[in-house]
Amino acid sequence: MLAAEPIEDPTLNTLSTMSDPLISVVIATRDRGESVTHTVESALKNLSTYSNFEIVVVDQSADDRCRQNMQPYADRQNVVYVRSHTKGLARARNLAIVKAKGELIAITDDDCVVSESWLQEICQAFRKYPEVSILFGNVLPGPHDCSAGFIPSYHR
């Protein structure tokens, strides 16, 4: 087995010297109605700590509830809504990534609420560890009735 030599190309990772790169928040949704708006609202709260981002929502719903719920964001330059008749989470995410303009892609699900410092923390982590290509973090369950079942979570 041959050992790979590190590539010494300063253009490969310029994040450490850039000021706040554009981050594209990717959200795929299907038949969730207003659920995605809670996710969009939580992402927009990142404006208090990180302002250079866009949100790309790909809607694969069979009805128009999501489109109607996304209507209040129609005039926002940093929110892109895409209606797709494809089906499948990977297809929706791939379409969103094609539409995305950001140097970094942050993916969250349509039923999640992200923290107000989520994007700032992502940017800081990539600056601190320029050799990494992907980051992931904790997925904490929201308030719920444990007797009714469980909510999957991940805590590292």
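Source: prediction; values computed, not measured. What you see below is based on every heavy atom in this structure, not just the backbone, and it leaves out hydrogens, waters and symmetry mates.
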CA sep, side-chain torsions, deciding dist, call: Glu103, Leu22, side-chain contact (heavy atoms from CB on, under 4.5 Å): CA-CA 6 Å; Glu103 180 181 353; Leu22 178 65; 5.6 Å; no
Under 3.5 Å: donor-acceptor pair, side chain of [X], backbone of [Y]:
X	Y	result
Ser48	Lys45	yes
Thr49	Glu116	yes
Asn69	Thr37	no
Arg30	Leu89	no
Asp31	Ala62	yes

Measuring from [X]:[atom1] to [Y]:[atom2], what's the distance to the nearest 0.5 Å?
X	Y	atom1	atom2	result
Asp110	Ser35	CG	OG	5.0 Å
Lys128	Cys123	NZ	SG	14.0 Å
Asn78	Asn46	CG	CG	11.0 Å
Gln124	Leu119	CD	CG	11.0 Å
Glu131	Phe126	CD	CZ	10.5 Å

Linking Ile, Leu, Val, Met, Phe, Trp and Tyr through side-chain heavy atoms less than 4.5 Å apart, which residues share a cluster with Leu95? Val56, Val58, Val80, Val82
Through direct or indirect side-chain contacts below 4.5 angstrom among Ile, Leu, Val, Met, Phe, Trp and Tyr, which residues connect to Val26? Ile97, Ile105, Ile107
Using side-chain heavy atoms (C-beta onward) and a distance below 4.5 Å, is [X] in contact with [Y]?
X	Y	value
Gln71	Cys66	no
His38	Glu34	yes
Val40	Val57	yes

Quick one: list whatever passes side-chain contact (heavy atoms from CB on, under 4.5 Å) with Thr39, sequence neighbours left out. Ile27, Thr108
Qualifying residues under side-chain contact (heavy atoms from CB on, under 4.5 Å), relative to Ser115, sequence neighbours excluded: Ser117, Trp118
Atom CG of Asp63: over 12 foreign heavy atoms under 6.0 Å: yes
Can you list the residues that meet the side-chain hydrogen bond (donor to acceptor under 3.5 Å, both in side chains) rule with Glu41, with sequence neighbours excluded? Tyr73
With clusters defined by side-chain heavy atoms of hydrophobic residues (ILVMFWY) lying less than 4.5 Å apart, directly or transitively, does Tyr50 cluster with Tyr129? yes
Indicate if Leu135 and Val25 have the same hydrophobic cluster label, given that clusters are the connected sets of ILVMFWY residues with side-chain heavy-atom separations under 4.5 angstrom. yes
I need the full list of side-chain hydrogen bond (donor to acceptor under 3.5 Å, both in side chains) pairs touching residues 88-98, with sequence neighbours left out, sorted by first then second residue. Arg93-Asp109
Is Asp64 salt-bridged to Arg83, going by a charged N under 4.0 Å from an acidic O? yes
Quick one about [Y] and [X] (side-chain donor to acceptor, distance below 3.5 Å, no hydrogens or angles considered), yes or no?
X	Y	answer
Gln60	Thr86	yes
Ser61	Asp59	yes
Ser24	Glu54	yes

